[in-house]
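One structure is given here, and the rest of the page talks about it.
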Amino acid sequence: VRRLRDVGEHGWIARLARRLAAAPSRRVVLGVGDDAAVVRSGRRPLLLTTDTLREGVHFRSGWTTPAALGRRAFRVNASDLAAMGGVPRFALLALEVPPNMAVAALDRLVDGFVADAGANGAALVGGNLAAGRRLSVTVLLVGEAPGRVVTRAGARVGDGLYVTGTLGGAGLAVRRLAARRSGRLPDPPLRIRAGTLLARVARAMIDVSDGLVQDVGHLCRASGVAAEIDASALPLAAGLRGPRTGVTFAATAGEDYELVAVVPASSARALARLRRRLGCRLTRIGGVVAGPPTVRLRDAAGRIVTLERAGHDHFR
Ligand SMILES: [Mg+2]
């Protein structure tokens, strides 16, 4: 029997995408395989995405407050829309809740979600509530794109690779929490505005959820290119500066929910103009090169940094 741990999370999804692509629909502009789906219904394209946060898998009790968990559920989903230049408009929230959970705690979770969604242009319009052994929060977001929809495909040789914010901070917090040291999961950043601005100049985008190297790898496969990342250029989160372990950790830890944008040199001036309005830092971390879709991380001396893993896979 072939099991999920044999094919892996991304292997299984790629297989599903191939099966669905065999019977395309005219209303589906972009199906399984990118950060969000793009469908046609009326004049404007709609963006759809869903993601789950599950206790024991994505977080443990005590790592976060109910309100922060609600915000997190919104933000990890909004990140996938932002990665395509989209903004969230409507949300569905499907909850699995242990029967002994305090009503006030569940209220705080939903309030945290609704407040964060509302502050970012999205309304909760429905969902589902079911009993479960563990708390599980599934979100579906429907979004619109004010401008171009940017996919993972489209990167070309010679383009620059940029990342918003910093890397490794969430991974470091998880490592500390897992070692039973104090702390809380930090709120994922909001990059909705940065995403819509970068969509004006980017040829391809993806968000960093599972680890920079792995996620840039997805972008490379979709675009049919390779990428070189300059390890010394990575914007490390506070607490990670220093030895090479910090760099490899930041490049693979995941949960950063920052955006990687591929911008051609011809858009450098346009990028310089919109940089100040992003609301976060933007760092050039490497470039797109020819070759089979791989990601190479190089140190300051130009040597390839070998990685034990590129990022997170739920089944491997
Ligand atoms: Mg994504």
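For ligands, and for the atoms within them, numbers begin at 1 and follow the listed sequence.
Without hydrogens or angle criteria, S223 side chain to L219 main chain gives a donor-acceptor distance under 3.5 Å.
A donor atom on one side chain and an acceptor atom on the other are found under 3.5 Å apart for S136 and R54. Under the 3.5 Å distance criterion, with hydrogens and angles disregarded, no donor-acceptor pair is assigned to the side chains of H58 and E255. In the model, D207 has no side-chain atom that pairs as donor or acceptor with a side-chain atom of S209 under 3.5 Å.
Around the Mg ion (ligand 1), protein N, O or S atoms at less than 2.8 Å comprise D35 OD1, D80 OD1, D207 OD1.
Taking a cutoff of 4.0 Å between a charged side-chain nitrogen and a carboxylate oxygen, E96 and R134 do not qualify as a salt bridge.
Using cut-offs of 30° and 60° on the angle between ring planes, the pair F74 and F113 is perpendicular.
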